Amino acid sequence: MSLVTLLPFIVLIGAMFLMTRSAKKKQQAAAQMRDQMQPGTGVRTIGGMYATVKELHDDTVLLEVAPGVHAIYAKNAIGAVLADEEYNRIVHGDGEGDLKVDGPVVPDDASSLTDDTDSAPSDDAKIDLGKKPEADDAEPKDGKADAEPKDGKADGETDAK
């Protein structure tokens with residue numbers, strides 16, 4: 001065999017090796033991050049929930065998700081171990097992250113943007129687009145008000161005895 005025929009296989013094997021190596025490095029970094037957890041550390045789960053670590057076990061972690069509310073999670077469910085400053089900023093909000101707007105604020109509905117109140121329709125002229133209920137004493141459209149069913153059975157009756 002020539003080198004030209006083996007070259008695609010060599011490139012494919014090399015690419016697979018590099019991909020598995022980078023994935024393995026990410027797994028090791030995540031495991032090392034989870035090993036750094038201690039009681040009192042703020043964490044974010046892979047679901048996006050922020051909590052405080054209360055207890056560590058072999059494969060599980062007891063998290064306090066709210067004062068007095070505890071939940072048991074797998075260690076693999078911890079997405080990030082946060083620094084105390086970052087955890088307090090996200091969970092408690094220290095005011096630095098508040099949104100400051102310099103320009104005008106656009107309202108949720110456009111009714112306050114228009115100044116012409118004369119052309120607005122009045123509340124008295126509302127159109128009812130719903131289906132109107134038929135009167136109980138009205139005849140059906142086919143003109144047979146008291147027609148018997150074809151098979152002689154009332155609604156809900158069957159042939160079973």
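All heavy atoms count here, side chains included; hydrogens, waters and symmetry mates do not. All residue numbers refer to positions in the sequence shown, counting from 1. What you see is a predicted model, and the numbers here were worked out from it, not measured in a lab.
Closest of all the heavy-atom pairs between Thr5 and Pro8 is O-CD, 3.5 Å. Taking all atoms of both residues into account, the shortest heavy-atom contact from Met49 to Val65 is CE-CG1, 3.3 Å. Between Met33 and Gly79, the shortest heavy-atom contact is CE-O, 3.8 Å. Heavy-atom minimum distance, Met37 versus Val61: CE-CG2, 3.8 Å.
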Residues Val53, Leu63; criterion side-chain contact (heavy atoms from CB on, under 4.5 Å); working and verdict
CA-CA 5 Å; Val53 176; Leu63 299 178; 3.9 Å; yes
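Cluster annotation: Leu62 is not connected to Ile78 through the hydrophobic network of ILVMFWY side chains, with a link wherever side-chain heavy atoms come within less than 4.5 Å. Taken together through direct or relayed side-chain contacts under 4.5 Å among Ile, Leu, Val, Met, Phe, Trp and Tyr, Phe17 and Phe9 form parts of separate hydrophobic clusters.
Between the OG1 atom in Thr20 and the NZ atom in Lys24 there is a gap of 8.0 Å [rounded to 0.5 Å]. One distance of note links CG of Asn76 with CD of Gln27; it measures 9.5 Å at 0.5 Å rounding. Note that CD1 of Ile90 and CG of Asn88 are 9.5 Å apart. Values are rounded to the nearest 0.5 Å.
A distance-only check finds a donor-acceptor pair linking the side chain of Lys75 to the backbone of His57 [under 3.5 Å]. With Arg44 contributing its side chain and Leu82 its backbone, the two residues share no donor-acceptor pair below 3.5 Å.
Within a 6.0 Å sphere centred on CD1 of Ile72, other residues, nucleotides and ligands contribute 12 heavy atoms or fewer.
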